[in-house]
Q: 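One structure is given below, represented as structure tokens, and several questions about it will come after.
As the structure lists them, so they are numbered: ligands from 1, and atoms in each ligand from 1. For the numbers below, each heavy atom of this structure counts, side chains included, while hydrogens, waters and symmetry mates do not.
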Amino acid sequence: MKLTIVGGGGFRVPLVYGALLAKREALPFDEVVLHDLDAGRMERMAGVLRGLADERGATLPFRATTDLGDAVERADFVFSAIRVGRLEGRVVDESVPLSLGVLGQETTGPGGICFALRTIPEMVRLAETIAERAPAAWLINFTNPAGMVTEALQQVLGERVVGICDSPSGLCRRVARALGRDPGEMWFDYFGLNHLGWLRAAHDAGGDRLPELLADEQKLAGFEEGRLFGADWLQTLGMIPNEYLYYFYFHSDAVASIREGGLPRGAALLESQAAFYAENGQGAADALAAWRATRAERDRTYMAAERLAAGIESDHDDGGDGGGYEGEAMAVVEAIANNTRAIMILNTANRSALPFLDERAVVEVPCIVGRSGPVPVAIGPTPPHAQALVTAIKDVERTTIEAALTGSGELAVRALALHPLVPSVTVAREIFSGYRERIPGLQERFAV
Ligand code: G6P
Ligand code: MN
């Protein structure tokens with residue numbers, strides 16, 4: 001089997017490679033190819049990967065190339081985790097709305113719209129290359145905003161593109177742990193869109209355990225989402241939202257805290273990652289150590305401003321091991337390659353999982369995953385407020401996709417203005433002109 005990792009110089013590639021090493025038996029890849037536009041960044045990452053293999057006394061040969069056609073030729077699986085415009089672009093996505101008092105975040109709100117506007121055309125090019133050079137491949141997409149990107153690419157590759165995110169499984173693991181249960185023994189009734197979902201029930205053999213958890217303030221205070229949203233609000237909702245819902249339920253708190261913190265998230269990451277990539281030329285063991293230190297800093301400070309706003313003093317809690325970003329990626333590949341029929345929360349076409357959306361809308365719901373890909377389960381009716389929010393955001397997503405594919409500034413402003421976190425059409429226009437001034441290429445692409 002051949003695996004291609006597009007965005008091979010990206011910061012999370014060692015997580016994927018480490019998981020591949022651990023899964024050598026179940027997933028016998030005989031060809032692993034890294035692709036990136038920047039050979040230097042890829043070389044830096046190759047050092048880290050060599051360090052990982054040395055440390056484990058394992059071998060999994062890989063090669064690196066800047067030629068996309070060569071990289072994807074006859075691949076069985078393609079992982080994509082690219083950041084178009086790099087962290088410099090993220091800084092702009094976040095800081096333009098923040099300067100106007102609006103949420104500035106990588107994927108939620110205006111930041112996610114701008115990120116999608118520049119990412120979708122590049123990802124469509126990748127999908128077209130895959131369609132031509134590796135028509136039987138599965139594209140496992142981590143590229144954010146993952147929901148929108150996956151929906152846009154399904155127009156090219158159909159259901160052979162699957163969107164993944166580590167936050168729903170993280171939530172499920174944390175809830176299982178709070179309940180003293182093994183997550184593998186539970187059924188998690190989760191629904192929504194990427195970075196916009198809710199855990200509605202968590203069943204074990206005895207039934208739904210969520211009501212018991214929601215009634216127990218001590219248990220709620222013991223895990224991330226319980227602390228972030230607070231027992232009162234969770235009891236009012238009767239569900240546990242994905243951590244990204246913090247930006248909707250506590251919008252002004254999040255904005256105030258991010259602004260007080262000084263640096264938007266992208267700027268802080270840019271600083272630490274730039275230092276890491278600048279050290280090219282180190283030996284493998286040192287490269288691995290430098291990467292680990294940078295990554296530990298990232299994990300520790302994840303959602304720091306939001307957590308500060310919620311009064312959380314402890315470090316971020318990822319739910320323990322056994323999952324994460326790389327765990328999700330490997331589980332999807334294993335489920336498809338070995339037809340395991342695993343159940344995973346993935347981004348895929350709705351079919352009729354959420355009855356209020358059409359069949360092509362990409363949703364994030366539990367799926368049964370086997371040789372023919374993910375098949376979403378029926379969710380049925382959902383609480384009206386969640387349905388309303390999902391409907392509004394799906395419309396924003398689709399407007400954004402169309403804007404990205406056509407280069408229509410009018411549609412881009414429409415997407416921004418109709419986003420529930422943007423307070424007025426005037427502000428939407430200001431945000432868009434800020435983006436056009438500061439994002440390279442956007443001015444030319446989007447004539448208004
Ligand atoms: C989670 C989300 C990803 C997102 C990342 C941002 O893992 O699921 O989609 O990209 O957080 O983390 P960062 O450290 O870059 O702010
Ligand atoms: Mn995600």
Side-chain angles (χ1 to χ4, degrees), residues 7 10-16 19 79-91 93-95 98 103-109 111-112 114-116 119 123 140-151 162-174 190 192-197 224-225 228 241-247 254 257-258 261 263-274 276 291 293-308 315-319 323-329 332 344-348 362-365 393 397:
F11 192 74
R12 293 190 185 190
V13 168
L15 297 174
V16 171
F79 285 179
S80 161
I82 63 170
R83 185 178 287 286
V84 179
R86 297 201 178 164
L87 282 170
E88 286 82 350
R90 177 169 173 182
V91 173
D93 296 344
E94 294 176 340
S95 48
L98 281 172
L103 176 70
Q105 209 279 328
E106 179 196 19
T107 58
T108 299
C114 187
F115 193 13
T119 303
M123 287 298 289
I140 312 298
N141 178 54
F142 313 68
T143 296
N144 268 328
M148 272 191 262
V149 168
T150 302
E151 185 159 326
V162 180
I164 69 173
C165 178
D166 55 354
S167 83
S169 58
L171 166 60
C172 296
R173 276 199 310 279
R174 290 185 282 271
Y190 182 95
L193 306 179
N194 181 233
H195 293 184
L196 192 88
E224 193 66 19
E225 288 80 0
L228 196 58
N242 182 295
E243 58 197 354
Y244 280 83
L245 259 308
Y246 188 79
Y247 299 116
S257 184
I258 295 170
L263 278 189
R265 176 73 175 156
L269 290 170
L270 178 59
E271 218 174 277
S272 65
Q273 292 189 15
F276 163 78
W291 175 77
T294 311
R295 186 197 158 206
E297 175 66 8
R298 179 268 162 195
D299 289 353
R300 199 182 56 74
T301 56
Y302 178 64
M303 283 202 168
E306 296 77 351
R307 302 171 75 257
L308 192 67
D315 279 349
H316 182 258
D317 164 20
D318 67 3
Y325 172 85
E326 65 285 9
E328 290 304 293
V332 180
M344 300 184 62
I345 298 170
L346 296 171
N347 290 270
T348 193
V362 165
V363 295
E364 192 171 80
V365 296
I393 295 297
E397 288 187 357

Q: Name the closest protein heavy atom to atom 5 (C) of ligand 1, giving the residue it belongs to and the distance to 0.1 Å.
A: Arg12 NH2, 3.3 Å
Q: N/O of Asp166 under 3.5 Å from N/O of ligand 1, yes or no?
A: yes
Q: With the side chain counted from C-beta on, respond yes when Tyr246 and Glu225 share a heavy-atom pair under 4.5 Å apart, and no when they do not.
A: no
Q: Can you find a heavy atom in the side chain of Trp291 that is under 4.5 Å from one in the side chain of Leu15?
A: yes
Q: Should Tyr244 be listed as contacting ligand 1, given a heavy-atom distance under 4.0 Å as the test?
A: yes
Q: Out of curiosity, Leu193 CG to Thr150 OG1, how far, rounded to the nearest 0.5 Å?
A: 11.5 Å
Q: Using a strict cut-off of 2.8 Å, how many protein N/O/S atoms surround the Mn ion (ligand 2)?
A: 2
Q: Looking only at protein heavy atoms, which one is nearest to atom 12 (O) of ligand 1, and what is the separation?
A: Arg298 NH2, 2.8 Å
Q: Can you tell me which residue among Gln105, Arg265, Glu306 is in a side-chain contact (heavy atoms from CB on, under 4.5 Å) with Ile258?
A: Glu306
Q: Give the numbers and elements of all ligand 1 atoms closer than 4.0 Å to a heavy atom of Arg265.
A: 13 (P), 14 (O), 16 (O)
Q: What residue and atom, counting heavy atoms only, is the protein's closest point to atom 9 (O) of ligand 1, and at what distance?
A: Asn144 ND2, 2.8 Å
Q: Would Asn347 and Ile164 count as a side chain to side chain contact (heavy atoms under 4.5 Å, CB included) here? Give the steps.
A: CA-CA 6 Å; Asn347 290 270; Ile164 69 173; 5.8 Å; no
Q: Please identify which atoms of ligand 1 are closer than 4.0 Å to at least one heavy atom of Cys165.
A: 8 (O)
Q: Give the residue, atom name and distance (to 0.1 Å) of the protein heavy atom nearest atom 1 (C) of ligand 1.
A: Tyr302 OH, 3.4 Å
Q: Taking the side chain as every heavy atom from C-beta outward, state whether Glu224 and Tyr302 have any pair of such atoms under 4.5 Å apart.
A: no
Q: Kindly say whether Ala305 contributes a backbone atom to a donor-acceptor pair with the side chain of Ser257 at under 3.5 angstrom?
A: yes
Q: Do Phe11 and Leu269 come within less than 4.5 Å of each other through their side chains, counting heavy atoms only?
A: no
Q: Side-chain contact test, heavy atoms from C-beta onward, threshold under 4.5 Å: evaluate it for Ser169 versus Ile345 and give yes or no.
A: no
Q: Can a non-hydrogen atom of Arg90 be found less than 4.0 Å from any atom of ligand 1?
A: yes
Q: Whether Arg83 and Glu106 form a salt bridge (side-chain N of Lys/Arg under 4.0 Å from carboxylate O of Asp/Glu) is what I want to check.
A: yes
Q: Which value, rounded to the nearest 0.5 Å, describes the distance between Arg307 atom CZ and Asp315 atom CG?
A: 7.0 Å
Q: Taking the six-membered ring of Phe142, is NZ or CZ of Arg12 closer than 6.0 Å to its centre and within 45° of its axis?
A: no
Q: Answer with side chain, backbone, both or neither: which part of Tyr325 has a heavy atom less than 4.0 angstrom from an atom of ligand 1?
A: neither
Q: Among all protein heavy atoms, pick out the one at the shortest distance from atom 4 (C) of ligand 1; state its residue, atom name and that distance to 0.1 Å.
A: Glu106 OE1, 3.4 Å
Q: Which of the atoms of ligand 1 are close to Leu269, meaning less than 4.0 Å from one of its heavy atoms?
A: 13 (P), 14 (O), 15 (O), 16 (O)
